[in-house]
Novice: 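Okay, handing you the structure first.
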Protein chains: 2
Amino acid sequence: MQPDVKKRRSTIYDLAELAGVSASTVSAVLNGNWKERRIAEATAKKVQRLANTHRYTVNRQASGLRKSRSGLIGMIIPMHDNRFFSSMSQVFERLARERHWYPLVVSTLRDPALELETVRTLISYRIEYLVVAGATDPDSVSRICQAHAVAHVNVDLPGTKATSVVSDNYWGAQQLTLALIDRSRASRSPKRNKPYFVGGIATDNATRRRMEGFADAVTARFGGVEASQLDACGYAAELAESAVERLHRRSGGLPRALFVNSTIALEGVVRFLKTLPPDELAACTFGCYDWDPFASVLSFPLLMVRQNVEGLLGEAFRIIDTRSFDDKRVIEIKPELLFPSQSGDASTTNDAPRHAVA
Amino acid sequence: MQPDVKKRRSTIYDLAELAGVSASTVSAVLNGNWKERRIAEATAKKVQRLANTHRYTVNRQASGLRKSRSGLIGMIIPMHDNRFFSSMSQVFERLARERHWYPLVVSTLRDPALELETVRTLISYRIEYLVVAGATDPDSVSRICQAHAVAHVNVDLPGTKATSVVSDNYWGAQQLTLALIDRSRASRSPKRNKPYFVGGIATDNATRRRMEGFADAVTARFGGVEASQLDACGYAAELAESAVERLHRRSGGLPRALFVNSTIALEGVVRFLKTLPPDELAACTFGCYDWDPFASVLSFPLLMVRQNVEGLLGEAFRIIDTRSFDDKRVIEIKPELLFPSQSGDASTTNDAPRHAVA
DNA sequence: GCGGATGGCACAATCGATTGTGCACGATAG
DNA sequence: CTATCGTGCACAATCGATTGTGCCATCCGC
């Protein structure tokens, strides 16, 4: 098919025979350490030329086996099909490549069994490091990794058996809540004259911290908070939709401020809001914990919190770079606040770096 | 650290010594072919028990080297951080796992050099198949794959040197355009009494086919189409925003129907639309080629086309399963049409299967 | 002309698993 | 008592690359 090119993949032995040298010479040339091994420059050139014309590529299975290094770094995420995690994949790849590691990202569908299975397979391919992002059971993953001496870091959901880097959900929720309150207008109805929180799962670490941040901010401004102001109804859009519909019915209108705990929940909320007249919407200030480009072009203003993916993974790689796996702390990274100014479209108040999103 | 467990990773040789058998026996047991190799059941049990307590996992570098099989199947995509491609990753993983292959998904950032580099690295890890999704230069990728005898399929963007599976962009655009026209109301102004197309890049295969579909549908209903009705202004939101703003200014209002050629472009369009009074929006019917969950909760109705990711990759895997790499055809897969019915929220007319999106 | 210092490379072991082949032993048949 | 057969396993080669070690030639100095 190709002219001048062997049908089978060529090995260093093929090249050695063609060049009339030994395989170890070929290996030295292709690894760039031929000077240390005192190979003549003419020989090196000849071997390199042959490698090019025969399209030689090293067999990383063989080389990894011998060197007991694979060059692979793995990351597990719950799913690809999600703004937050797909953005994690994108940043992870870049940071891995900068370090000359080859990134492997696999999803585990929030299935604890698949999580462990996937990690075992990654280990069998001899990944050198693992980033455990959003695992349902990080400590079980840690146990497997420890048994195989694979260094790893938890990201997004913390564990107790490895260093963890998570979003500062408490701070983010607190800031968002304060901003919502300060931008909202008082309501004559006492039931409606307070902020509400909707969405998420109360046993989930992230949701719990956000609820705490919300509650503390509300207490700071209103002197107290009632349980009925928080409804961790789940993440699904339908659940959030009916949660807000109930709230609206019970209170005879929208509250002065509404904290929606994910973009998926926001989808449901917006579905309900579309059934209301525009002036009702104007009475409420909306915030969403998580970011979506489309959410910023909805017909009403929306405050958003964007998780700092750069920051989370940057810190994870810092831990890997410095091999500081032993202090099993939980490091918190502040998210970004995206608050449209009163006037128009401009946004943000934060010192955290932003990163461009196509 | 662990009690009862060696510090180093254990090999079949370690297990062999512990069990008092040979490494080949251990290998046979762990591969499940110990019956064919006439290993006593008692021996097999003993080896399996040892493998469990010592948390043995096979070294796939070694096993792959020997068997010259890696168990890996690769896919390259332009980026993760995008609804369409992240959904491709998700489906790809599932289809690969169903076939007991281990999926490797890597992004190439639409950079031709990185594309080739990435493919070469995947090959050096000895992937057995490659799905080339959205490559800027599929034929160069094909050349590398052919030189290394790696079977591959193009998806989304067609090439000439391998079987390609692409969206039926012509059909989708045609159907969307016809639906837009049929649901739109005539305008008194002749300039505004026709549909317009905005977004995309005319040299891009997908955009070109969509423009053809649009043009043919418009011709079918109006007897002709003018060049000014199509503006492939690029994908960026800003470009689409100003393109529609120009159109609005030139025509003295919105056209009766507007075809937006991507969700990113739609973001820009919506930004402009927010500056218009609601009754102006009511005069125009909007369609978007590509799907986004938030786009369906905008304040105005929107017809959408969702690419059939299941269908695209299902067909790609069918080609791999049946090893029919030789007919270098371009196979087209019809997208899904998501058309809200006049009344409310229900959607869709299509026989293509839908798949749930969390 | 001899010893030592390079220069230039080949040899062979090794990484961990797989797999074709063959040996030893006991049971059975004749 | 011996030939045959089946059972149960061990041996050794192999995949492709890496790397410690050592050999041979040449050259230089004296």
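Fair warning: this is a prediction, and the values are worked out from it, not measured in the lab. We name chains A, B, ... by the order of the sequence lines, and we start the count at 1 in each one.
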Novice: Using side chain to side chain contact (heavy atoms under 4.5 Å, CB included) as the criterion, list what pairs up with Pro78(B), not counting sequence neighbours.
Specialist: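 Side chain to side chain contact (heavy atoms under 4.5 Å, CB included) list for Pro78(B), sorted by chain: Phe85(B), Arg110(B).
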Novice: Look at Tyr13(B) and dT18(C) and indicate whether a side-chain polar atom (N or O) is within less than 4.0 Å of OP1 or OP2.
Specialist: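 The answer is no; no side-chain N or O of Tyr13(B) sits under 4.0 Å from OP1 or OP2.
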Novice: Can you name the closest pair of heavy atoms from Ala44(B) and Val29(B) and give their distance?
Specialist: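 Scanning both residues completely, I find the closest heavy atoms to be O-CG1, 3.6 Å.
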Novice: Within a strict 4.5 Å, meaning less than it, do heavy atoms of the Asp204(A) and Leu157(A) side chains meet?
Specialist: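 Side-chain contact under 4.5 Å: yes.
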Novice: Using whole Å, report how far CZ of Arg69(B) lies from P of dT19(C).
Specialist: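 Those two atoms, CZ and P, are 11 Å apart.
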Novice: Can you tell me how far P of dA17(C) sits from CZ of Arg60(B), to the nearest Å?
Specialist: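 Rounded to the whole Å, the gap is 12 Å.
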Novice: Of the nucleotides dA17(D), dT19(C), dG16(C), which has the atom closest to the Lys67(B) side chain?
Specialist: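 The nucleotide sitting nearest to the side chain is dT19(C).
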Novice: For Ile12(B) and dC11(D), give me the distance from atom CD1 to atom P, rounded to whole Å.
Specialist: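 Result: 13 Å.
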Novice: What residues, two or more places apart in sequence or in another chain, satisfy ring pair (Phe, Tyr, Trp, His ring centres under 6.0 Å) together with Trp101(A)?
Specialist: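 Listed in chain order: Tyr129(A).
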Novice: Hey, can you pull the residues of residues 19-28 of chain B with a non-hydrogen atom under 4.0 angstrom from DNA chain C?
Specialist: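 DNA chain C contact set from residues 19-28 of chain B: Ser24(B), Ser27(B).
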Novice: To the nearest angstrom, how far is Gln61(A) atom CD from dT14(C) atom P?
Specialist: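 Atom CD in Gln61(A) sits about 22 Å away from atom P in dT14(C).
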Novice: Could you check how far CG of Leu65(B) sits from P of dA17(C), rounded to whole Å?
Specialist: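 In whole Å, dA17(C) P and Leu65(B) CG are 12 Å from each other.
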Novice: When the distance from OH of Tyr56(B) to P of dG16(C) is rounded to whole Å, what number comes out?
Specialist: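 In whole Å, dG16(C) P lies 10 Å from Tyr56(B) OH.
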Novice: Answer yes or no: are there more than 12 heavy-atom neighbours, outside Glu128(B) itself, under 6.0 Å from its atom CD?
Specialist: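 Result for CD/Glu128(B): enclosed.
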Novice: For Cys145(A), which of Val150(A), Val132(A), Leu122(A) qualifies under side chain to side chain contact (heavy atoms under 4.5 Å, CB included)?
Specialist: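 Result: among Val150(A), Val132(A), Leu122(A), Val150(A) is the only option passing the side chain to side chain contact (heavy atoms under 4.5 Å, CB included) with Cys145(A).
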Novice: In residues 30-52 of chain A, which ones come under 4.0 Å of DNA chain D, going by heavy atoms?
Specialist: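 Of all residues in residues 30-52 of chain A, the ones placing a heavy atom under 4.0 Å from DNA chain D are Asn31(A), Arg37(A).
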Novice: So, using ring pair (Phe, Tyr, Trp, His ring centres under 6.0 Å) as the criterion, who are the partners of Phe92(A) when residues are at least two apart?
Specialist: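 For Phe92(A), the residues satisfying ring pair (Phe, Tyr, Trp, His ring centres under 6.0 Å) (neighbours in sequence not counted) are Phe317(A).
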Novice: Around atom CD of Glu41(A), are there more than 12 heavy atoms of other residues, nucleotides or ligands at under 6.0 Å?
Specialist: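 No, CD of Glu41(A) has 12 or fewer neighbouring heavy atoms, counting only those of other groups under 6.0 Å.
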Novice: For Asn33(B), enumerate each residue passing the side chain to side chain donor-acceptor pair (under 3.5 Å) test, keeping only those at least two apart in sequence or located in another chain.
Specialist: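 Result, side chain to side chain donor-acceptor pair (under 3.5 Å) vs Asn33(B): none returned.
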